[in-house]
Amino acid sequence: MKSELKIFNTLTREKETFVPVNPPHVGLYVCGPTVYGDPHLGHARPAITFDLLFRYLQHLHYKVRYVRNITDVGHLENDADEGEDKIAQKARLEQLEPMEVVQYYTERYHKYMDALNVKSPSIEPRASGHIIEQLAIVDSILQKGFAYESNGSVYFDVERYNREHKYGILSGRVLEDLYSTTRNLEGQSEKKNSFDFALWKKATPSHIMRWPSKYSDGFPGWHLECTAMSARYLGETFDIHGGGMDLLFPHHECEIAQSTIAHGHGPARYWMHNNMITINGQKMGKSLGNFITLEQFFTGSHKMLEKAWSPMTIRFFILQAHYRSTVDFSNEALLAAEKGLQRLMEGMAQLEKIKPGNVSEFDVESFKSKCYEALNDDLNSPILIAHLFDAVKAINSVAADKISLTADDISALSSTMHLFVEELLGLTPELKSETGSEMLDGVMNLVLKIRQQAKSNKDWATSDQIRDDLNALGIIVKDGKEGASWEIK
RNA sequence: GGUCGGUUGGCCGAGUGGCUAGGCAGCGGUCUGCAAAACCGCGUACGGCGGUUCGAAUCCGCCACCGACCUCCA
């Protein structure tokens, strides 16, 4: 039941059974961030999507090498191959060495990915550390006649490529259409066609980030880094290439073209793309100025946020939608996610406390199979979560003495829940109180004991005062069959 | 304009040609000294118009609206 993972391959637009090139090894490459700004909600989506994939593949006993790059050079700010390098621009504006910018935002990115419980990839290579590999690919493509030099820069000849291979197989673009739809921008005279893309760019005198090459002192084109680094660490053919849908064209299309010339074939067998996060139905994007950083989410410091949202709430919110659907942000939706997550985590905690019975009235095996089926079906996390809630309902019913479960089944359910909730979905209980929990436990037990005594004496005034005052302090008292329990809001 | 995708009950969000998605919110009930929590039950939704079919939210066509990509963005 664990086998038969199906994933939607953008290349074929169909769900395909996943078969690795060299089992048990799996090569996974995901386009990482360009580190020139604080990580925002948009960064969380691919990170969490492919984190789930990474975790699941490992669970299936694949030996996964997960490469997620850090783009620290070559990503231009503006129009096609003419703008300022993003890192360089930020460095200029803040009067920093470009690598200071890179260092700072890389650390910020790591910090917030950790908070979201996103596992580190196996390798996190930087574009600037692979200039030699990138230049080798430039040479190779140039030698084979699919690129041309122009004023110290080297451009990929898309028209020539299209004559022998098909340009647009991933995105469904037709080159003829691009003639009319690609913008003709100022200063593109270096290129034969506007849709040609840079493999190597000659640096202007003011450009700080530059490396020597036989073409010019310059820097690599943006699309090249992924081709160079994926080939270096995963080989020229690897299993899965992932990224956001917005990278589908032109970035991934260009990668395929480069790779096809340099290596004789496209880089990956399966292409996976996560959809966008929207705010009020519109894509969240830097250029639109409507993005909310993760820090703002976690602290609530953004005018659109009604309150702070915890990392696990964000993670759960994202996992509650399928990765290929857009997910629309709103405070209301986040509140629903927060409460839902709480219910799930309380169910997990309740599971450790319930008492076994003689019979089982919840089919744990069938539940487990359904959970696997959900993930096997193109990582359908919302369906998985729906099944998890069915289990929570069963757990609560046992706690309420409505149904019963045998000790064996409780144990099996417990390991299944931990597997799917914590290990695979990566949802962990959040520490609500950081200090003095042992002492607090003792104090609370005392307080609740006194309240119980008051209740026994029908001294409702005292018992209610304890409850209400605790509530005002942020501690919720819950009365149950086995006595009262408490938790911090 | 071109290409692609979407339109599901108050909100979010799955989905298969006929069988309850799930969460949040709401309503009724059980439990409770009261409340909270928990449990039980309820709403009978699928953009519009046609078509295929015994039967369609699910297949086809047209229309409307929304979005993404076509320029950097996860």
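To find a chain, count down the sequence lines: A is the first, B the second, and so on, and within it residues start at 1.
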Checklist line | A:Leu440, A:Ile476, A:Val447 screened by side chain to side chain contact (heavy atoms under 4.5 Å, CB included) with A:Trp486, the one that passes | finding: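 Testing each of A:Leu440, A:Ile476, A:Val447 against A:Trp486, the sole residue satisfying side chain to side chain contact (heavy atoms under 4.5 Å, CB included) is A:Leu440.
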Is [X] close enough to [N] that one of its side-chain N or O atoms is under 4.0 Å from OP1 or OP2 there?
{"X": "A:Lys393", "N": "B:C39", "value": "no"}
{"X": "A:Ser325", "N": "B:A14", "value": "yes"}
{"X": "A:Asn396", "N": "B:C39", "value": "yes"}
{"X": "A:Arg343", "N": "B:C39", "value": "yes"}

Check: Does the ring of A:Phe389 lie flat against the base of B:G23, closer than 5.5 Å centre to centre with planes under 30°?
Finding: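 No; by the centre-distance and plane-angle rule, A:Phe389 does not count as stacking on B:G23.
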Please report whether the ring centroid of [Y] lies less than 6.0 Å from that of [X].
{"X": "A:Phe362", "Y": "A:Phe367", "value": "yes"}
{"X": "A:Tyr372", "Y": "A:Phe420", "value": "yes"}
{"X": "A:Phe297", "Y": "A:Phe329", "value": "yes"}

Notebook entry, point to check: Side chain of A:Asp479: nearest nucleotide among B:G13, B:A74, B:A36?
Noted result: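 It is B:A36.
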Notebook entry, point to check: In whole angstroms, how far is the C1' atom of B:C4 from the NE2 atom of A:His252?
Noted result: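 Atom-to-atom, A:His252 to B:C4, this comes out as 17 Å.
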Notebook entry, point to check: Just how far, in rounded Å, is P of B:A36 from CD1 of A:Ile475?
Noted result: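 Distance check: A:Ile475 CD1 to B:A36 P gives 20 Å.
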Note to self: Assuming nearest nucleotide by heavy-atom distance, tell me which of A:Tyr323 and A:Leu341 is located more 5' along RNA chain B.
What the structure shows: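 It is A:Tyr323, whose closest nucleotide lies nearer the 5' terminus.
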Next item on the list: Would you classify A:Val30 as touching base, sugar-phosphate or nothing, given that sugar-phosphate means primed atoms plus P, OP1 and OP2, and contacts are heavy atoms under 4.0 Å?
Entry: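 It contacts nothing in the nucleic acid.
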